[in-house]
Every structure is written in C-alpha cells, then in structure tokens.
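The structure under discussion is supplied below as structure tokens; questions concerning it will follow.
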Amino acid sequence: MRVKRFIKPLMINAHAVNMAHYGQVEDAIAVAKTMTEATPDYAPAWFNLAYWYAVKKKDGASAQANYDKAIALGMAKDSGVEKAIRKAS
C-alpha cells in the first residue's frame, strides 16, 4: 500500500523540518539528502532541500536542481521558493 510506504519518510521529513526550524540546517540537509537516496520519489524532501539551499544557504544552483526534482514529482510550484532561488543565483 502506497500510504504505508510513505509513513516513515513523513516522520523523517518532519524531523528534518524541525531540525532546520531550530537552526540545525546542515543536519536537516543531511537527513533530507539521505531520504532522497532511500526514497527518491518522496517529493517533500526534494522541496525542503530546495527551500533550505535557496533561503538558508543562498545556493541557487543546488536549490534549483532540488526544486526541479520536487516539481517533476508532483509538488506544486511555489512563488516564494522560486523568488528565493532567483535571489540566491
């Protein structure tokens, strides 16, 4: 069942978001990268990487690559993230 497949990534993703929220952005990025390797079709992890690279790291190239992957996997476009990517590039 597809829902069961994403329960663990959902929990791990929430943990990564919490880490970033509390200033542990490098750790959050590491967790999200590990998630994208283990579950490459889990779009929220790619989206979070795009956000963190654009907003927190000011790395437009990395942000764009992750954003493109998230969008390709079905995430909705986000004008705020797109603006942050342009600003970081």
Side-chain angles (χ1 to χ4, degrees):
M1 175 187 271
R2 187 171 174 87
V3 172
K4 279 188 176 181
R5 182 167 179 240
F6 284 113
I7 289 174
K8 187 173 181 179
L10 179 66
M11 293 183 324
I12 295 169
N13 188 55
H15 180 64
V17 169
N18 283 331
M19 286 191 293
H21 178 75
Y22 288 103
Q24 298 171 311
V25 176
E26 293 297 329
D27 293 333
I29 287 172
V31 168
K33 282 183 173 182
T34 300
M35 278 186 59
T36 61
E37 293 168 7
T39 314
D41 55 345
Y42 188 69
W46 294 100
F47 186 86
N48 288 336
L49 283 169
Y51 176 84
W52 295 325
Y53 277 119
V55 174
K56 302 294 186 181
K57 305 290 286 174
K58 308 295 187 224
D59 180 348
S62 295
Q64 187 67 60
N66 286 287
Y67 185 73
D68 290 344
K69 182 68 174 180
I71 299 305
L73 290 169
M75 291 294 293
K77 291 186 177 186
D78 185 289
S79 61
V81 172
E82 290 174 354
K83 182 178 179 180
I85 291 170
R86 285 192 302 274
K87 188 175 179 181
S89 296

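Given the structure is predicted, the values throughout are model-derived calculations rather than measurements.
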(request) Indicate yes or no: at least one non-hydrogen side-chain atom of T36 is less than 4.5 angstrom from one of T34. (result) no

(message) If I compare all heavy atoms of P40 with all of L73, which pair ends up nearest, and what's the gap?
(response) O-CD1, 3.4 Å

(request) Spell out, as yes or no, whether a donor-acceptor pair under 3.5 Å connects the side chain of N13 to the backbone of P9. (result) no

(message) To the nearest 0.5 Å, what is the distance between NZ on K58 and NZ on K87?
(response) 6.0 Å

(request) Could you tell me which non-hydrogen atom of G60 sits nearest to which non-hydrogen atom of S89, and how far apart they are? (result) CA-OG, 3.6 Å

(request) Considering only Ile, Leu, Val, Met, Phe, Trp and Tyr, and joining two whenever side-chain heavy atoms are under 4.5 Å apart, list the other residues clustered with I71. (result) V17, V25, I29, F47, L49, Y51, W52, Y53, V55, Y67, M75, V81, I85

(request) Indicate the atoms forming the closest heavy-atom contact of W46 with Y42, along with that distance. (result) CD1-O, 3.4 Å

(request) Provide the closest heavy-atom pair for V31 versus A16 in the form atom of the first, atom of the second, distance. (result) CG1-CB, 3.9 Å

(request) Mind checking the CG-NZ spacing from D41 to K69? Nearest 0.5 Å is all I need. (result) 8.5 Å

(message) Looking at every heavy atom in both M35 and I12, which two are closest together, and how far apart are they?
(response) SD-CG2, 3.3 Å

